[in-house]
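Structure, as structure tokens:
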Amino acid sequence: MATSTEIFLELKKQANNGSIELSLNEFGDSFSQIQDLFNDFTFDLGNISILLETEDKLKLKAFSKHFLFKKTFFKNESVSIEAEFILINDEIEIVAICKFSKTPNKLSKLPGIIGDLLKPLDFIEINDLVYILTTKEISIINSETFPEYNNKEVNLKPGINLSGFIDLKNSGDIASLIIKPLQPIIGEGPYFMSWNMRNKIDVDFSLKLPQDIDIESLFKIKQPKLVIKPIIPVQISIDGLFEIALPALPPVSVLGGFSYVADGIRGKFNLDRIAQEISAPFGYPGIHLSSLTVTAGISSAIANVGAEGSFYIGPSAPTNMVGKHAIPEFGGLKSNQYKFVFDAIPGKITPKFAFLYLDKLTIEEYLKALTNQDLSLPAFLNKISIEQLMFHWCETPLGEIKPDGTTAMPIFGLSGITNLFGHRTFTEIQVDASNESKGLLVSDPINIENGLLKITGNGKGTPEKYKGQTKVKPGGMEFSFSSTGNPSYLSFSTKIEILGLTGEVTGDVKESGINGSVKTEISGILKNQLSLNLNGNNFDASTDIYAGISGLKVDLGKLGSIKLDTFLEGGFSAKYLDGKYANKMRLHFMVVGVNFDLGELEVEVIDLKKIVEILKEEIKQAIQKLADNVLAWLKATYEKMITFIEDAFKEIGEVLKENFSLTMDKAAEVMKSVGYQAEQVGEALQKGYGATEKEVALALRNAGYLINEVGKTLQNLFKVADQGCAEILKQLGYSAVEIGKFLNSIYGLGDNATTAILKNLNYSLDDCAKALTEVFNLGGDAAKGVLTIAGFPAPAVNDTLGKIIPGWPPKISGPKCILSSASVKHKKLSDDCYELQVLRNFRDNFMYELPNGPELIEEYYSLSEIIVKQIEINKMENEFYERIFNELIIPSVKLIEGEQYENAFQYYRNYVLNIFNELK
């Protein structure tokens, strides 16, 4: 997203090129409130004349036919525009005055929803009208292009505004009847109008009256302005400078106004000019009024008067104060504020609502209020303050809304935020009409140095409707009280974490007594919760126990010595009732997944040291149960919780055999289940049971260890060589493929050495061939070579490999084979006919065994492919295939049947060469 500086530079670039096209939303959210008034925004400017251009300011004149509404009121109507753009604090301020060449004479003729909103005001006739787009508040219009609007006083808000001159005298009969009696007061016109459009509902319609209002010489309203809010109910007010001349009193001039609403009449008058002349208004010489507004009104036949404004502390007034001749609108938290409202009943003045708000009170500010002198205190003291301090007094049954957004309930209240070196605490105290009180204190969650110290709790932070700039975050310490005991007299909640130790304290005080709990925890070491109920002289306490047991050693005799490193869990309760004390413990602990329950212990002593000694004895007795649980005992040995004086695996084996009476197979099974490796199990069986290598191997296999684990145990533990190891593995029932993989991976044997061992172990040709193809991934030729070297006959090797290797050996009936073509395609014989079977056996068992047999077979297929192609090209299939069948196939078969293999080979080869030369 482009920055404001980038947008401003783009504005200047487009302006110098003669046209600008921008979206209004690029100027922030100033126009977002009135988004619902228009379907589309556009800011297209053309025919630009630059009036002023500096580094941070651009002022121009322009025209547009597609401005704001995408279409103007009338076809080809142009809009004259004077616009000023200012770059300030990385934001762009815009003020654009836009005037249509043809102005509608009625407000209802304005486009879209604007016309709909202003239709009730059609009795107004428009003389001249401009749209003013602005991102800031404007009180005076400055314009070179439109001099009739220059120096006009307005009250424009960010967004889109209407301003202009209107007339009432030509508005029609009904309006004339209403206006005519007022004309001596409001004048003949024309009237200057301004209208702020914030959204569909929030509308200010104001008329600047052309003459002062003079009522019976009692008071005169100068520069009067009529303000109408066309909402339900309608609000009408007249503001201006009131000059009041009452008999026997000097004239008074104050800014103010009267407003008429559904429930009565209200007035508000600004007395800022005399505010600072009122000394020590709150009894402190250093507190001075900076603004004062007097209010008065009549509602439901009851008059009320009041005062409101702001103040400052110290001898010097703030530089941003003084000289603002405007009626301040009550609300917000921009400065120290006060307000008092009284109901004035004849003979009685009753306080209705009062509040005093201090934006920030430091020690230095407090001393200034006492002395009215500037002081210089150490800087660190200014880090201690009370912010947004609010006192209130309220007699309204339903309460009053305070400037901080919360409700002031009857009768008295105090709230504020204490800031101690950046750590904030919100405090609220209320006293009702019955003198019952309640209060709340919630603090920010504290986190120092990324967890070195953390203070948290169940606090909800500042109230949901609180509008103050400083707020307390939820999740901190909370403290509340109530004098009624509903829900409790006192409650508190906090959680403290320091150096990994966590402590959480909660509690309350009720009619039934004091209830509380304390939770402590060190992650992975300690976890405890203490609950307490105290009522009179009796108490009842209970606590959860989660404590580490470390270093406690228990001798299990032949089963070794166990050193405990676990946690003791359970509960402890103590009760003192009617002079009698009793306590109970219910505890258990876990070792290697087994729960050891100490049961319910009744301890009559109070001495903590004696309780610890009792627990030690109970734990030692409980741990003896390991002698009854072989899996738990083995798990403890595996995790080295149990140690032995001599050879550990010898001791383990002997205990499994003698104490638990396990067979070798069962011993291997349970040792495997807790995580022991095959060699460790083998060592325990060898030393504890006196097992041979074959017995160890059988037990390991039955326990589910893999062949490599079994074989490696034989190799490392019993030093068995490859041949002997393979022999034991065969006796255990392992296949040739499994043994072949083992010999290759553990002993590193190749294909020839592995095949030789397998053959020596009397594995069949089929077993050896499968081992070669699966373990070493050999093809037909390579496998045949290894197997024949091992001593297996070639014909049997060919038959065996033909069963397990797809497509081997190469078949004679390939797609370009002349023998297959002559027999199958020409003679219509089957692919496995007698003649082809004889020739294939001859190829595989005689030709292949010749010194260059594979090359001769390859030569035949190359020539055969060429011969078949030539026959097909010359379309002589019948002639040549008949000759080949009768002259080559039949004679060759007869020679082979007569075991004249050499003559058959020579005849076969010469015939193929001759027919090849014939067809070239």
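Using a 4.5 Å heavy-atom threshold, the side chains of Lys730 and Asn762 count as touching. Counting heavy atoms from C-beta outward, Leu761 and Gln723 have side chains that approach closer than 4.5 Å. A 4.5 Å side-chain heavy-atom check between Val681 and Gln677 finds every atom pair outside the cut-off. Between Val674 and Val670 the shortest side-chain heavy-atom distance does not fall below 4.5 Å. Side-chain contact between Ile384 and Thr362 is absent, with no heavy-atom pair separated by less than 4.5 Å.
The structure places CG of Leu700 at 10.5 Å from CE of Met664, a figure rounded to the nearest 0.5 Å. To the nearest 0.5 Å, atom NZ of residue Lys770 and atom CG of residue Leu758 are 13.5 Å apart. The line from OH of Tyr676 to CG of Leu634 is 6.0 Å long, rounded to the nearest 0.5 Å. Rounding to the nearest 0.5 Å gives a distance of 7.5 Å between CG of Leu743 and SG of Cys725. Between the OG1 atom in Thr663 and the CG atom in Leu685 there is a gap of 9.5 Å [rounded to 0.5 Å].
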Would you sort out whether Phe742 and Tyr747 count as a ring-ring contact (aromatic ring centres under 6.0 Å, His included), showing the intermediate values? CA-CA 7 Å; Phe742 162 72; Tyr747 285 93; 5.6 Å; yes

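Residues meeting the salt bridge (charged side-chain N to carboxylate O under 4.0 Å, His left out) test with Arg424, sequence neighbours left out: Asp444. Legend: residues meeting salt bridge (charged side-chain N to carboxylate O under 4.0 Å, His left out) with Lys666, ordered by chain and number and at least two apart, are Glu669. Annotation: side chain to side chain contact (heavy atoms under 4.5 Å, CB included) contacts of Asp751 (sequence neighbours excluded): Leu772, Phe776, Leu778, Val786. For the side chain to side chain contact (heavy atoms under 4.5 Å, CB included) test, residues two or more places apart in sequence or in another chain that qualify with Ala769 are Leu787, Thr800, Leu801, Ile804. Partners of Lys650 according to the salt bridge (charged side-chain N to carboxylate O under 4.0 Å, His left out) rule, which considers only residues two or more places apart in sequence or in another chain, are Glu654. In terms of the side chain to side chain donor-acceptor pair (under 3.5 Å) criterion, residue partners of Asp767 (sequence neighbours excluded) are, by chain and number, Ser764. Applying the ring pair (Phe, Tyr, Trp, His ring centres under 6.0 Å) criterion to Tyr689, with sequence neighbours excluded, gives no partner residue. Every salt bridge (charged side-chain N to carboxylate O under 4.0 Å, His left out) that Glu651 has, sequence neighbours left out, goes to Lys558. Under the side chain to side chain contact (heavy atoms under 4.5 Å, CB included) criterion, Ala756 pairs with no residue at all, not counting sequence neighbours. Legend: residues meeting side chain to side chain contact (heavy atoms under 4.5 Å, CB included) with Ser443, ordered by chain and number and at least two apart, are Thr425, Leu441, Met477.
The list of side-chain hydrogen bond (donor to acceptor under 3.5 Å, both in side chains) pairs with a residue in residues 700-714, not counting sequence neighbours, reads Asp665-Asn702, Asn708-Ser745. Applying the salt bridge (Lys or Arg N to Asp or Glu O under 4.0 Å) test to residues at least two apart or on different chains, the pairs with a partner in residues 679-693 are Asp647-Lys687, Glu683-Lys687.
Relative orientation of the Trp633 and Phe660 rings is tilted, given thresholds of 30° and 60° on the angle between their planes.
A donor-acceptor pair under 3.5 Å is formed between the side chain of Asn744 and the backbone N or O of Leu749. At least one donor-acceptor pair closer than 3.5 Å links the side chain of Glu738 to the backbone N or O of Ser735. Between the side chain of Glu695 and the main chain of Thr692, a donor-acceptor pair closer than 3.5 Å is present. A side-chain donor-acceptor contact under 3.5 Å links Lys719 to the backbone of Asn716.
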